[in-house]
Amino acid sequence: MWIGTLILVYHNHFRHCHSQNPEMAPPVKVMLAIETRDLSKSFGSTRVLQGISLTVNAGEFFGLFGPNGAGKTTLLRILTGQIEPDTGTVVTASVPNTDPIRLKHRVGIVPEAETPPTFLTAQETLELTCRIRGLDEIQGRIEKWIRFFDLEDKKDILCRDLSKGERQKVMLAAAFIHEPELLLLDEPFINLDPIYQRRVREYLQGVASEGCTVFMCTHILEIAGRLCDTIAVIHEGRIVEQGRLEEISRGGDLEEVFLRAVEGVAVA
Amino acid sequence: MWQSLSVRIFKAMMKEEWRLHQSLVGPLGSGFFPAMIFVFTTFLAVAAPLLLSQMPTATILLMLHAASVAYGLFVGNFGSIGEHVMTRRLGQVSMIMQMPQTYPVSFRRMMAVFYAKDAVFYLLYSYIPLTLGITVAAPMAGASLTGVVMLGLTTFLAFMVGMGLSFTLSAVFVRSRLAGLALYVVLAGIIAMIYPLELVGPECLMPSLGYWASREPYGIGVSVAASFILASIGVALMKEKYEAKQSRYGDSLLEVDRLLGFMGKLSPIVAKEWIEVRRSGALGPVVFSFSGHLLAIYLMSWVFERGVGVDLGFNVVFYSGFVGFMGVMTYSFITNLEHNEYLNVQPVSVDQVVKGKLAVYFALTAGVTALYVVGLGVMKHQMGMVPLGLLLAAATSVYVVGVTSYLTGLWTNTMFFDARIILRFCAAVVPPMIVAEIAALLMPIRPAATYAVVAVSMLLLLVSLPILRGLERKWAGTTFSFVNTGQ
């Protein structure tokens, strides 16, 4: 049976030697962090996205809002190379959606639901992330994020035995640990208590001010209103509002923009 | 009220099961599976008088019922399902089974309905097509319609006893590992009393088989009662609450990763897979079931030889050829341990995790396979055949499990319900296996057959290389949520 293992090892080395390691690729100056053209996606007979064209500039803090089932998560999954659109093109962090591994090397992703590995501890989950991403100074990076989320006394517990909030912290740490140039976050504040919501918010503001692009979907409009430079509102699979927050809010708050875009309601 | 709620949950679970199958393998693939069983059984029933003219009916019945018990044992391992649900090892899949978390319905009731649903599902999906297949061929096979219906009933009851046994054993095991092990020893004792001690008849484990000896409904009644009692014990042993425990472990990942450094980029993935097997408690069951299946082949052939009264001349090389087939179940078991959805956001592709699981599979089965082949060599006084047996065992294991991983990826258990995949698997695996096994049988009378075994083994190993390379092309574009969304 070791013959099988040897074949696997040989094949793995073969791939390793003949493909470019994305970590070794020279850094590319990203001007547009995300660019989509005419994206459409259907699941069976249900059209989830229709003609989505979006641009997010490098260094922008971008918020995507929409009612439940509007297509936010599907769009995020397309942007991160998890699924392919039926039509249209996507380039995220200078990488087309058709090369998801290279794309995921460049970005940090927080998915909709927190599902860290069942049988690894919090510490091991971050170690696995570092090893998969080929990072150096693993222990230093992990210690930093364990401290950031106050997980010192939880780091040896299996992820399945952590609370929802603790799992979310592990997922956030795994997305931030390689200091990516672009963060794609789906409800990053969910399950976090106000202390950590604030801590994560401040971290995101900090990295955005240093040039990191943040693309965030959230229903917590109060936080989003304080963070986002640019927003888009998606409704029934179409972008119904897009632009700089201060321009489209017309002096109102984000909730007004949202309701006006989705329901056509003018809030007094 | 109680009854009507259970009936409603039952109907909802049946719909859920059907839709889950459709989302995974499509409506065509889902409906094709029972159709395939029907056609296959019809063909076998027509050919049975020709193929088995020398075998007593009692032996055929014994083999059919034993296979049904084994099938039930394989599918009835529901004891840990509560923990799976509560610890979200089903990933993001939300199932009706999870209702007790938020609704005023007990987990035991949910489990009872789930068990009934699975029994009906296997009846519709396997045993009714099987019975219909034999019914169509009954006039040609010289069997009466009543006999065919009774055969369908008694084999299904044997399946239910196996499923009940497996459910009870797994439920006890979750409550107390010691008590679980004690029960396994008792079961092994009963099997030993049937063979080799021959102190009791096989009806002791398969009461419905007794119907064919006496033609009295006694055995059928006992089977129904045993199935019901075993299922009830299993349900009663299910916990209503799964208290939040906090299992702590020392840091192992980097250590295992370092040891596997020779595997290059694959090493962290293999380390993760290895730790999952260890911590999920699957290590023992994986090795035990693989060994058990290999021994079962030997026992089945013994039953055959005993029934016919003729030495079939199955040698060490012949038995070695079955290692690959048995490995399919072990690989399937390994793929069921974890949902892997976490990896959707990491720069890892499905094919890399498939390779990680293959590496763990080879590591877990290599020693057992070697022991099995050498053990048979000692028992059958055929030590000279052991090197060739080891070569064929390695080749079939790499090839058959390689084909399985290529066709089913990380979702073997469910993808094999797609008849199109089963057919492709059979087309790829059965012809070379038949050649290898016939050559193995011919070795004592035709020395050239030895070269044929070597040639087939080398060919299987060579063909395995492009198959394993093909994993990347086949699975790299798939998400780890494939099983949830069908995408």
Practice problem: Report yes if some heavy atom in the side chain of A/Ile132 is under 4.5 Å from a heavy atom in the side chain of B/Pro347; otherwise report no. | Solution: yes
Quiz item: Using a cut-off of under 4.5 Å for heavy-atom pairs, which of A/Leu158, A/Leu162, A/Ile138, A/Val107 has the most such pairs with chain B?
Solution: A/Leu158
Practice problem: Could you go through the side-chain contact (heavy atoms from CB on, under 4.5 Å) check for A/Leu128 and B/Asp257 one step at a time? | Solution: CA-CA 9 Å; A/Leu128 178 69; B/Asp257 183 15; over 6 Å; no
Quiz item: Would B/Lys272 and A/Glu127 pass as an ion pair if we require N to O under 4.0 Å?
Solution: no
Quiz item: For the atom pair CG (B/Asn344) and OG1 (A/Thr115), what is the distance rounded to the nearest 0.5 Å?
Solution: 7.5 Å
Quiz prompt | Structural part of A/Glu124 lying under 4.5 Å from a heavy atom of chain B | solution = both
Quiz item: Is there side-chain contact between B/Ser247 and A/Arg160, with at least one heavy-atom pair below 4.5 Å?
Solution: yes
Practice problem: Enumerate by number any residue of residues 148-156 of chain A whose heavy atoms lie under 4.5 Å from heavy atoms of chain B; in the absence of such residues, state 'none'. | Solution: A/Asp153, A/Lys154, A/Asp156
Self-check item: Contact check, side chains of A/Thr129 and B/Gln346, non-hydrogen atoms, under 4.5 Å
Solution: yes
Quiz item: Quick one: does B/Thr479's side chain get under 4.5 Å of A/Ile83's, heavy atoms only?
Solution: yes
Quiz prompt | CZ/B/Arg278: more than 12 non-hydrogen atoms of other groups inside 6.0 Å | solution = no
Quiz item: Using non-hydrogen atoms only, which part of B/Asp251 is less than 4.5 Å away from chain A: side chain, backbone, both, or neither?
Solution: both
Quiz item: Would a 4.5 Å heavy-atom cut-off, applied to side chains only, mark A/Leu120 and B/Ile275 as touching?
Solution: yes
Self-check item: Min side-chain heavy-atom separation B/Ser267-A/Arg131 under 4.5 Å
Solution: yes
Quiz item: What heavy-atom pair brings B/Arg279 and A/Phe119 nearest, and what distance separates the two atoms?
Solution: NH1-O, 3.0 Å
Quiz item: Between atom CD of A/Gln139 and atom CG of B/Leu254, what is the distance when rounded to the nearest 0.5 Å?
Solution: 6.0 Å
Exercise. Please tell me if the side chains of A/Gln82 and B/Val345 come closer than 4.5 Å, counting only heavy atoms from C-beta onward.
Key: yes
Practice problem: To the nearest 0.5 angstrom, please state how far the CG atom of B/Leu337 sits from the OG1 atom of A/Thr118. | Solution: 9.5 Å
Quiz item: Is it the side chain or the backbone of A/Ala175 that comes within 4.5 Å of chain B heavy atoms, both, or neither?
Solution: neither
Self-check item: CE-OH distance between A/Met171 and B/Tyr342, expressed to the nearest 0.5 angstrom
Solution: 6.5 Å
Practice problem: Please determine which of B/Glu341, B/Glu338, B/His339 meets the side chain to side chain contact (heavy atoms under 4.5 Å, CB included) test together with A/Pro117. | Solution: B/Glu338
Quiz item: Which salt bridge (charged side-chain N to carboxylate O under 4.0 Å, His left out) pairs, counting each pair once, include a residue from residues 386-397 of chain B, with sequence neighbours left out?
Solution: none
Practice problem: Please state whether the side chain, the backbone, both or neither of A/Thr98 comes within less than 4.5 Å of a heavy atom of chain B. | Solution: neither
Quiz prompt | Side chain, backbone, both or neither of A/Thr80 within contact of chain B (heavy atoms, under 4.5 Å) | solution = neither
